[in-house]
Amino acid sequence: MGATIIDGKAFAETVRGKVADEVGRLKRGHGITPGLAVVLVGEDPASQVYVRNKGRQTAEAGMQSFEHKLPVDTPQADLLALIDRLNDDPAVHGILVQLPLPDHIDSDLVLNAISPAKDVDGFHILNVGLLGTGQKSMVPCTPLGCLMMLRDQLGDLSGLNAVVVGRSNIVGKPMAQLLLGDSCTVTIAHSRTRDLPEVCRGADILVAAVGRPAMIPGDWVKPGATVIDVGINRVPAPEKGEGKTRLVGDVDFDGAAQVAGAITPVPGGVGPMTIACLLANTVTACCRANGLPEPEGLTA
């Protein structure tokens with residue numbers, strides 16, 4: 001019997017609908033329009049597409065979208081000055097600086113220059129610390145999306161064994177903290193984990209976030225487990241023609257889908273949730289800035 005396929009596109013559409021409803025409520029009831037500022041330095045093609053999609057979805061949700069596109073040789077001081085202006089702008093409730101930044105710019109310095117209250121990516125060291133100590137914070141978008149899908153699929157996560165394969169600051173570590181917050185028993189695994197296959201086989205929830213195509217085969221998956229595949233890897237697809245590629249996850253989807261209880265596909269799983277949760281974080285930041293109740297179902 002095959003696994004239930006968790007439709008990230010449909011779930012993200014639901015989240016964006018909730019965001020639009022909250023934006024409408026803020027406008028009608030309080031005369032406030034949430035605003036998201038996105039800063040892009042340089043002309044990385046993937047980043048340009050991502051920023052364009054963010055701007056479009058922000059506008060579709062009824063929010064203000066502020067895009068700042070800077071040349072690749074922009075001095076670090078100029079970027080920091082722009083962030084200072086956005087920090088002081090009351091129309092801007094969320095600030096996102098698109099990564100990666102050019103080599104001459106210190107990414108950590110830039111990310112920590114963003115006001116923690118407007119840090120809708122959840123990368124500021126203060127938000128990292130708040131999340132790690134179980135306090136109210138801005139939560140990184142991709143882990144937040146994963147948590148939303150897990151709650152929707154499984155309901156109460158309390159007591160479940162969760163294995164997160166990957167220890168990045170962007171996904172692996174915050175994902176583990178969120179699962180701990182929902183009372184899972186959490187293991188963080190990585191390339192040096194001893195007997196990684198056996199560790200994975202003990203997981204009721206298996207989150208793969210390592211950036212290696214099809215690293216986790218189906219026989220590493222516990223029967224009935226819920227598998228969240230965060231990986232987005234481009235691999236050759238000769239069946240599509242010479243030089244063509246396709247996207248695959250960190251999990252061997254075909255093999256795992258025969259064993260798991262539920263699984264996210266790649267593409268169409270976790271990916272669409274990232275921008276949806278960015279919009280959700282912007283609305284949350286707006287509510288907090290104005291002393292209003294936070295929207296239900298859009299936070300951790």
Side-chain angles (χ1 to χ4, degrees), residues 8 94-101 106-114 116-151 154 157-196 199-200 202-212 215-216 220 225-233 249-251 264 266 269-271 273-278 280-281 284-285 299-300:
I95 302 170
L96 180 146
V97 176
Q98 184 65 41
L99 300 177
L101 289 168
D106 184 335
S107 296
D108 288 337
L109 182 66
V110 168
L111 294 176
N112 287 316
I114 298 171
K118 297 187 178 186
D119 170 36
V120 286
D121 252 343
F123 294 163
H124 191 288
I125 191 64
L126 180 60
N127 282 319
V128 173
L130 290 170
L131 178 60
T133 52
Q135 301 179 68
K136 183 183 293 186
S137 68
M138 297 307 301
V139 177
C141 303
T142 299
L144 177 58
C146 294
L147 183 70
M148 287 181 178
M149 289 192 291
L150 285 167
R151 286 173 172 171
L154 298 173
L157 308 184
S158 179
L160 295 178
N161 288 324
V163 173
V164 179
V165 185
R167 50 181 167 176
S168 73
N169 293 330
I170 294 175
V171 179
K173 292 175 184 176
M175 187 75 249
Q177 295 292 351
L178 289 173
L179 290 166
L180 280 171
D182 269 28
S183 298
C184 293
T185 300
V186 182
T187 300
I188 301 179
H190 45 77
S191 61
R192 297 191 180 183
T193 298
R194 293 183 179 180
D195 201 358
L196 180 58
V199 171
C200 291
D204 302 308
I205 296 170
L206 180 61
V207 180
V210 289
R212 291 176 56 185
M215 173 186 168
I216 297 176
W220 289 18
T226 300
V227 179
I228 304 293
D229 191 348
V230 183
I232 300 178
N233 309 286
D250 291 347
V251 177
T264 58
V266 177
V270 173
M273 288 296 295
T274 299
I275 296 180
C277 287
L278 174 67
N281 276 351
T284 298
T299 63

*Output yes when a side-chain donor or acceptor of S168 lies under 3.5 Å from a complementary backbone atom of V171, and no otherwise.*
yes
*Within a strict 4.5 Å, meaning less than it, do heavy atoms of the V270 and C146 side chains meet?*
yes
*For C141, does its backbone N or O pair with a side-chain atom of T274 as donor and acceptor, under 3.5 Å?*
no
*Can you tell me how far CG of L101 sits from CG of L111, rounded to the nearest 0.5 angstrom?*
7.0 Å
*Is the closest side-chain heavy-atom distance between V230 and D250 below 4.5 Å?*
no
*Taking all heavy atoms of L144 and all of T299, pick out the closest pair and write down the distance.*
CD1-C, 4.0 Å
*With a 4.5 Å heavy-atom cut-off, do F123 and L99 have their side chains touching?*
yes
*Spatial distance of atom CG (L126) from atom CD (Q135) [nearest 0.5 Å]*: 9.0 Å
*Run the side chain to side chain contact (heavy atoms under 4.5 Å, CB included) check on W220 and V251 step by step: do they pass?*
CA-CA 10 Å; W220 289 18; V251 177; over 6 Å; no
*Under the 3.5 angstrom rule, does the side chain of N233 hit a backbone N or O of G249 as a donor-acceptor pair?*
yes
_Minimum-distance pair of heavy atoms, taken over all atoms of V163 and A189_ = CG1-CB, 4.3 Å
*Does the D182 side chain pair with the main chain of L157, one donor and one acceptor, at a distance under 3.5 Å?*
no
*Working to the nearest 0.5 Å, report the span between CG of L160 and CG of L179.*
9.5 Å
*Taking the side chain as C-beta and beyond, is there a heavy-atom pair between L150 and T226 under 4.5 Å?*
yes
_Verdict with reasoning, D121 to I114, per side chain to side chain contact (heavy atoms under 4.5 Å, CB included)_ = CA-CA 10 Å; D121 252 343; I114 298 171; over 6 Å; no
*asked:* Could you report the tightest heavy-atom contact between S137 and L130, atom names first, then the distance?
replied: CB-CB, 3.6 Å
*Give a yes or no on whether the backbone of V139 and the side-chain of N281 come within a donor-acceptor separation of less than 3.5 Å.*
yes
*Starting at CE of M175, measure out to CD1 of I170 and round the result to the nearest 0.5 Å.*
15.0 Å
*Are any of the side-chain heavy atoms of V128 and N169 separated by less than 4.5 Å?*
no
_Test your reading of the model: is there a side-chain donor-acceptor pair from D119 to the backbone of H124, 3.5 Å cut-off?_
yes
*Heavy atoms only: give me the nearest R167-S191 pair and the separation to one decimal.*
NH2-OG, 4.4 Å
_Quick check for you: to the nearest 0.5 Å, what is the distance between D204 atom CG and N161 atom CG?_
5.0 Å
_Heavy-atom donor-acceptor pair, H190 side chain to G166 backbone, under 3.5 Å_ = no
*asked:* Keeping R151 on the side-chain end and A300 on the backbone end, is there a donor-acceptor pair under 3.5 Å?
replied: yes
*Which atoms form the tightest heavy-atom contact between T264 and G269, and what is the distance?*
CB-CA, 4.1 Å
*Determine whether L131 and K173 make a side-chain contact, defined as any pair of heavy atoms from C-beta on separated by less than 4.5 Å.*
no
*Between M148 and C277, what is the shortest heavy-atom contact and its length?*
SD-SG, 3.9 Å
*So do M138 and V120 actually touch side chain to side chain, heavy atoms under 4.5 Å?*
yes
